[in-house]
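This report refers to the structure that appears directly beneath it.
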Amino acid sequence: MTFSQLGLHSDLLKAIADQNYQSPTPIQQQAIPVLLTGKDVLAAAQTGTGKTAAFTLPLIQKLHTEKLPCKGGRCKVLILTPTRELAAQVANNVETYSKYTRLKSVVAFGGVGINPQMIKLKRGCDFLIATPGRLLDLYQQNAVRFDDIQTFVLDEADRMLDMGFIHDIKRIIKLLPNKRQNLLFSATFSDPIRKLAANIVHEPVEISVAAKNTTSSSVNHSVVHVLKGNKSKLLAELINIEKWQQVLVFSRTKHGANRIAKQLNARDISAAAIHGNKSQGARTKALAEFKSGKVRVLVATDIAARGIDIKQLPQVVNFDLPNVAEDYVHRIGRTGRAGETGQAISFVTEEDIDLVAGIQNLIKQVIEVKHIKGFSLSSPLKTPDLKAVKAKRPKKPKNRRSTANHR
Ligand code: AMP
């Protein structure tokens with residue numbers, strides 16, 4: 001399958017060729033023809049599957065061929081994203097794929113001045129990519145009207161709900177014209193997401209590219225048992241021994257992220273932290289330095305890491321395991337993207353064994369345990385068996401895990 005077989009315009013094919021994409025990814029193959037017909041879509045796709053191009057390419061094509069002028073203070077496609085980084089990333093993709101067209105896009109998120117966004121919106125745009133809070137601010141200040149919206153995209157809907165945006169989203173939907181195309185993307189489809197979707201999409205075509213809560217086969221992931229106090233030393237040793245040049249490290253807390261970055265810098269490994277307490281300027285700078293290779297390690301919290309899109313990110317480290325098993329899938333989805341192989345290592349202490357059990361049950365896999373020289377524990381932790389595997393064995397006592405876990 002090629003991009004031209006999907007019926008895309010030559011101006012878009014040129015932009016795609018500039019990106020050296022050889023062929024459309026599975027979500028692109030499925031979504032592009034459906035979106036071109038104007039139908040609503042409900043798609044289960046994680047970051048890294050090429051989902052952004054899957055919805056931006058057909059929307060660009062429609063507006064490019066319609067060639068209708070933009071009216072001041074209005075936009076034709078509204079894309080809502082949960083984080084600033086993701087908004088910037090999606091806007092970047094729109095710019096990239098529409099570079100041979102005359103379409104205009106505006107990106108709007110909080111944490112930076114609202115005035116430049118108001119000025120840009122005054123001229124009108126084809127694409128408005130925004131986070132919910134800032135969009136509502138702009139609306140309340142009469143900087144934008146929604147009468148001309150043809151398509152509404154809700155990206156990473158699961159994360160939107162996790163971040164408490166449900167009321168903002170409901171308020172925004174009420175302001176949109178009734179007749180419009182709706183697209184909803186989510187990595188997972190829980191009951192709350194289905195409930196939200198029922199209010200947004202109408203008779204949608206459902207597309208799913210990866211089974212719910214599965215990890216990509218191009219990620220080689222493992223756990224390392226370590227004493228809590230040795231985590232920093234282990235991280236520095238791994239970076240040096242394995243000669244990792246670009247590592248994304250996850251910390252459970254903002255304070256922890258700062259501390260990890262500080263400790264790495266003290267060991268002469270260049271590191272920066274990004275999290276919600278950092279200004280937008282500091283986050284953008286850290287991300288740019290990480291992308292350019294000036295900073296070798298980026299330490300992030302889950303929310304800040306959302307939407308970080310770096311091609312061929314080779315290494316992810318879970319310095320702390322996430323409290324929510326689904327976040328493990330999101331985190332390691334940062335590596336091994338679009339055909340590349342990636343590696344993810346999680347540091348596991350005795351307190352984390354139940355979290356490991358939850359993750360393994362979610363992804364239906366036993367995660368490999370790696371032993372690092374100099375860091376072995378006097379009595380190694382036993383990673384729990386899969387519940388599913390146990391359930392298949394007849395007549396075993398139900399609660400064997402608790403004895404195995406706390407050795
Ligand atoms: P996304 O899932 O939208 O976050 O995209 C993940 C990465 O895949 C981005 O870096 C895209 O530039 C890249 N990508 C998107 N489509 C393709 C494709 N057809 N072939 C290769 N890379 C792609």
Side-chain angles (χ1 to χ4, degrees), residues 1-9 12-33 35 41 43-61 77 79-99 105 107 127 129 153-160 183-188 207-211 214-219 246 248 287-288 290-292 298 300 302 304-314 316 329-342 344:
M1 164 85 65
T2 62
F3 279 102
S4 62
Q5 285 170 320
L6 290 173
L8 292 176
H9 192 284
L12 274 78
L13 293 176
K14 259 196 290 178
I16 293 167
D18 288 352
Q19 294 303 302
N20 284 324
Y21 296 170
Q22 303 302 318
S23 54
T25 64
I27 180 94
Q28 291 161 3
Q29 293 182 23
Q30 292 182 57
I32 292 173
L35 291 189
V41 163
Q46 294 173 29
T47 324
T49 54
K51 69 179 170 75
T52 319
F55 66 84
T56 53
L57 286 169
L59 298 179
I60 291 169
Q61 163 129 337
V77 171
I79 303 173
L80 274 191
T81 71
T83 64
R84 305 157 185 184
E85 281 79 11
L86 190 62
Q89 191 60 53
V90 172
N92 211 342
N93 282 12
V94 171
E95 297 265 314
T96 303
Y97 305 135
S98 63
K99 72 186 214 200
S105 53
V107 59
F127 285 88
I129 303 108
V153 185
L154 191 64
D155 196 12
E156 309 219 340
D158 48 346
R159 188 55 49 157
M160 290 269 191
L183 321 176
L184 188 148
F185 285 78
S186 189
T188 53
I207 297 175
S208 173
V209 283
T214 52
T215 52
S216 157
S217 55
S218 57
V219 181
Q246 197 183 38
L248 178 60
L287 195 55
F290 182 57
K291 280 188 176 187
S292 72
L298 189 66
D302 285 292
R306 209 59 197 165
I308 293 177
D309 174 35
I310 296 165
K311 280 195 188 127
Q312 301 165 16
L313 184 61
V316 165
V329 180
H330 288 307
R331 286 181 178 190
I332 74 166
R334 308 273 128 202
T335 179
R337 341 183 88 196
E340 299 295 322
T341 314

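Every value quoted in this text rests on a predicted model; they were computed, and no experiment measured them. First listed ligand is number 1; within each ligand, the first listed atom is number 1.
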Rounded to the nearest 0.5 Å, the CZ atom of R159 sits from the OG1 atom of T83 at a distance of 9.0 Å
Short side-chain to backbone donor-acceptor contact, Q22 and N20, under 3.5 Å: yes
Determine yes or no for a side-chain-to-main-chain donor-acceptor pair under 3.5 angstrom, with Q246 supplying the side chain and F290 the backbone. yes
Taking atom 5 (O) of ligand 1 as the point of reference, which of S23, A53, G50 owns the nearest heavy atom? G50
Tell me, please, which residues at least two apart from Y97 pass ring pair (Phe, Tyr, Trp, His ring centres under 6.0 Å). none
Could you list which atoms of ligand 1 come closer than 4.0 Å to a heavy atom of T52? 1 (P), 3 (O), 4 (O)
Examine the proximity of ligand 1 to Q19 and report which part, side chain or backbone, both or neither, has a heavy atom under 4.0 Å away. neither
Please state which part of A45 comes within less than 4.0 Å of ligand 1, counting heavy atoms only: side chain, backbone, both or neither. neither
Please identify each residue that fulfils side-chain hydrogen bond (donor to acceptor under 3.5 Å, both in side chains) with D18, with sequence neighbours left out. K99, Y100
Give yes if a backbone or side-chain nitrogen or oxygen of Q22 is under 3.5 Å from a nitrogen or oxygen of ligand 1, and no if not. no
Would K51 count as a polar contact of ligand 1, with the cut-off being nitrogen or oxygen pairs under 3.5 Å? yes
Value rounded to 0.5 Å, distance of CG in L8 from CG in L13: 5.5 Å
Tell me the nearest of Y21, F185, Y97, F55 to atom 22 (N) of ligand 1, using heavy-atom distances. Y21
Give the numbers and elements of all ligand 1 atoms closer than 4.0 Å to a heavy atom of F3. 19 (N)
